[in-house]
Protein chains: 2
Amino acid sequence: MPRKVDHHERRELLADALMRLAAARGLEGVSLRHVAAEAGVSTGMVQHYFRTKDEMMTFALGMVMDRIRARSTAAAAPATPRELVRGLLLQVLPLDETRRLENHVVLAFLAYAAVKPSIASDLRESAAQTRTFLADQLRAAGAAGLDPERAAAGLLALVDGLGLQLLSLQYAEEDAVAALDAQLALLFGPA
Amino acid sequence: MPRKVDHHERRELLADALMRLAAARGLEGVSLRHVAAEAGVSTGMVQHYFRTKDEMMTFALGMVMDRIRARSTAAAAPATPRELVRGLLLQVLPLDETRRLENHVVLAFLAYAAVKPSIASDLRESAAQTRTFLADQLRAAGAAGLDPERAAAGLLALVDGLGLQLLSLQYAEEDAVAALDAQLALLFGPA
DNA sequence: CAGTTTACATTGCGACTGTATTGTCATCTT
DNA sequence: AAGATGACAATACAGTCGCAATGTAAACTG
């Protein structure tokens with residue numbers, strides 16, 4: 001065997017370039033040559049690490065979702081269930097540049113998923129994961145008389161929608177946070 | 001002048017074909033030739049009615065948004081403000097085949113808008129319009145102690161998010177409606 | 001009837017796409 | 001030392017893309 005190279009690391013390098021492209025020029029601006037150019041490598045190398053474009057796309061999406069999940073669980077360190085829920089949901093919203101980038105990519109893939117079922121099932125699984133985690137926290141908080149599953153789904157939908165509106169600049173960041181807090185107040189009682 | 005042809009009607013014919021394509025194969029499956037084939041005409045005709053692909057895209061998006069708006073205001077006929085708000089929001093959700101199609105198209109354009117600012121401003125304007133209408137209805141309903149603008153924004157975000165989850169099949173239709181009703185109950189009081 | 005104008009259809013061009021093929025090293029095994 | 005193998009690089013190919021150019025037929029104006 002020849003030179004030892006960390007396969008995964010190279011793939012992440014390429015997927016990072018893909019992310020930047022997707023955020024800047026949309027998913028349709030992503031081509032093998034563009035990714036190669038953005039990463040500063042040859043297109044042959046891209047082909048070496050991803051046998052097909054689809055494989056590259058799928059890997060990139062997985063990477064983004066992993067990062068979001070990692071940051072979310074990292075933010076879940078201290079505090080009451082309510083603060084935990086708030087912290088987690090705030091991590092999903094595009095409130096800084098890296099998260100805005102990630103949200104752009106997720107949105108692009110969300111539209112892409114409408115066509116490619118395999119992508120769709122990846123997204124679905126990831127969403128289900130966060131939803132049950134959220135529901136557990138709501139259950140622990142034990143607000144009387146509300147279905148935790150339902151409330152979790154509602155919160156997630158709200159945050160998704162807010163993220164959407166933030167991305168299309170329909171909305172100021174502080175208003176989005178305020179909307180989330182208002183909803184939390186409705187669920188948990190006034191702060 | 002030669003044969004008289006309803007310009008607008010032809011453009012709608014083509015935009016309809018575009019919608020079908022966008023819903024079935026995504027916005028990247030939309031090309032001049034595909035639209036022509038789907039509409040059963042020559043690509044020359046498509047070029048005749050839209051000088052550029054971008055013009056065609058913009059027109060199609062406008063058409064979809066007009067239809068959604070038309071159906072929403074049509075649904076706003078009778079009833080109390082609360083029922084009116086519910087009816088309007090239910091019109092936005094993808095609960096039947098035509099609305100699912102429209103939502104697919106809107107989602108595709110939403111992702112597209114992240115790259116093309118002109119598309120983004122169209123979407124933004126349309127959203128602002130529904131939001132103020134919604135806020136007016138909430139004000140009329142006069143639930144004590146809640147900011148109508150905020151609540152309207154929150155509701156719209158919730159419906160957007162629910163629509164997103166419905167499209168990606170994360171969610172059953174009845175659950176989405178239930179989530180909406182739960183939120184309305186929080187705002188207006190129990191039904 | 002001549003001529004202009006509109007409504008298309010056909011064709012072609014240059015750019016770009018994903019992918020297959022092939023080649024060239026450097027490294028590891030034996 | 002020989003050869004197999006992995007890490008790339010370069011190129012070629014068939015297809016598609018948006019768009020421009022050109023052609024043709026029909027209808028209206030004068």
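Values below: every heavy atom of this structure, side chains too, minus hydrogens, waters and symmetry copies. Throughout, protein chains are lettered first and strands after them, A, B, ... in sequence-line order, and every chain is numbered starting at 1.
- Judged by distance alone, the side chain of Arg99(B) and the main-chain N or O of Val92(B) form no donor-acceptor pair under 3.5 Å.
- Near DNA chain C, meaning a heavy atom under 4.0 Å from it, residues 15-27 of chain B has no residue at all.
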Collect all protein-nucleotide pairs involving nucleotides 18-20 of chain C in which both atoms are nitrogen or oxygen and the distance is under 3.5 Å.
unit_1, atom_1, unit_2, atom_2, d
dG18(C), OP1, Lys53(A), NZ, 2.8
dG18(C), OP2, Leu32(A), N, 3.0
dG18(C), N7, Arg33(A), NH2, 2.5
dG18(C), O6, Arg33(A), NH2, 2.7
dT19(C), OP1, Thr52(A), OG1, 3.0
dT19(C), OP2, Thr52(A), OG1, 3.4
dT19(C), OP2, Lys53(A), N, 2.8
dA20(C), N7, Gln47(A), OE1, 3.3
dA20(C), N6, Gln47(A), NE2, 3.0

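- By the 6.0 Å and 45° rule, Arg11(A) stacks over the aromatic ring of Phe59(A).
- Atom pair Met45(A):CE and dT11(D):C1' shows a separation of 19 Å (rounding to whole Å applied).
- At distances below 3.5 Å, not a single donor-acceptor pair connects side-chain atoms of His104(B) with backbone N or O atoms of Leu167(B).
- Remark: the backbone N or O of Tyr171(A) is not paired with any side-chain donor or acceptor of Asp175(A) at under 3.5 angstrom.
- Place Glu28(B) and Val41(A) on DNA chain D by their nearest nucleotides, and Val41(A) ends up nearer the 5' end.
- One atom, CZ of Phe50(B), and another, C1' of dC8(C), lie 15 Å apart when rounded to the nearest Å.
- In summary, Glu97(A) and Arg100(A) engage in a salt bridge, as defined by a charged side-chain N under 4.0 Å from a carboxylate O.
- Each of dA7(C), dC17(D), dC8(D) was ranked by its minimum atom distance to the side chain of His34(B); first place goes to dC17(D).
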Extract all donor-acceptor atom pairs below 3.5 Å that involve side chains of residues 110-121 of chain A and protein atoms in other chains or at least two apart in sequence.
unit_1, atom_1, unit_2, atom_2, d
Lys116(A), NZ, Asp54(A), OD1, 3.3
Lys116(A), NZ, Asp54(A), OD2, 2.8
Ser121(A), OG, Ser118(A), O, 2.9

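- By the 4.0 Å N-to-carboxylate-O rule, Asp16(A) lies close enough to Arg67(A) to be salt-bridged with it.
- Between Arg25(B) and Glu38(B) there is no salt bridge, since none of the side-chain N atoms of the basic residue sits less than 4.0 Å from a carboxylate O of the acidic one.
- Atom NE2 in His48(A) sits about 10 Å away from atom P in dA9(D), given to the nearest Å.
- Of the candidates dA7(D), dA9(C), dC8(C), dA7(D) carries the atom nearest the Tyr49(A) side chain, counting heavy atoms from C-beta on.
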